[in-house]
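We're numbering straight along the sequence, starting at 1.
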Amino acid sequence: MEFNKYIEINPSKRFGKPTIIGTRISVADVLNWLANGMTKEEIISDFPELSVDSIHACLLFAATREKQLGIAS
């Protein structure tokens, strides 16, 4: 999966935080919901503009960022 099909970084949207394309929902929002126990189905029910693939893209984005941070330090 290529997360850039689902995630954009636009300096004029949410202060440049990574967001789901076509929404104002940030990657951090999705990760926070998952960390607090929401299922993918619950998130999609609350935010129908999201999909299972866009949620997976958020996870991949975070994992990729974490890996890059580990290499830099």
S.K.: Could you walk me through whether N10 and T19 pass side chain to side chain contact (heavy atoms under 4.5 Å, CB included), step by step?
M.R.: CA-CA 8 Å; N10 181 341; T19 58; 5.7 Å; no
S.K.: Go through the steps to decide whether L60 and Y6 satisfy the test side chain to side chain contact (heavy atoms under 4.5 Å, CB included), and finish with yes or no.
M.R.: CA-CA 11 Å; L60 179 58; Y6 300 93; over 6 Å; no
S.K.: Looking at SG of C58 and CD1 of I43, how far apart are the two atoms once the value is rounded to the nearest 0.5 Å?
M.R.: 8.5 Å
S.K.: State plainly whether one hydrophobic cluster holds both M1 and I21, where clusters connect Ile, Leu, Val, Met, Phe, Trp and Tyr through side-chain heavy atoms under 4.5 angstrom apart.
M.R.: no
S.K.: Grab the two heavy atoms, one from I7 and one from P18, that are nearest each other, plus how far apart they are.
M.R.: CG2-CB, 3.9 Å
S.K.: For the residue pair F3 and F61, does the interplanar ring angle fall in the parallel (under 30°), tilted (30 to 60°) or perpendicular (over 60°) class?
M.R.: perpendicular
S.K.: Side chain to side chain contact (heavy atoms under 4.5 Å, CB included) with L59: which of V30, T64, L31?
M.R.: L31
S.K.: For K17, check salt bridge (charged side-chain N to carboxylate O under 4.0 Å, His left out) against everything at least two apart and list the hits.
M.R.: none
S.K.: Under the salt bridge (Lys or Arg N to Asp or Glu O under 4.0 Å) rule, what pairs show up with a residue in residues 4-13, not counting sequence neighbours?
M.R.: E8-K13
S.K.: Starting from the C-alpha separation in whole Å, work towards a yes-or-no answer on side chain to side chain contact (heavy atoms under 4.5 Å, CB included) for I20 and D29.
M.R.: CA-CA 10 Å; I20 305 297; D29 293 334; over 6 Å; no
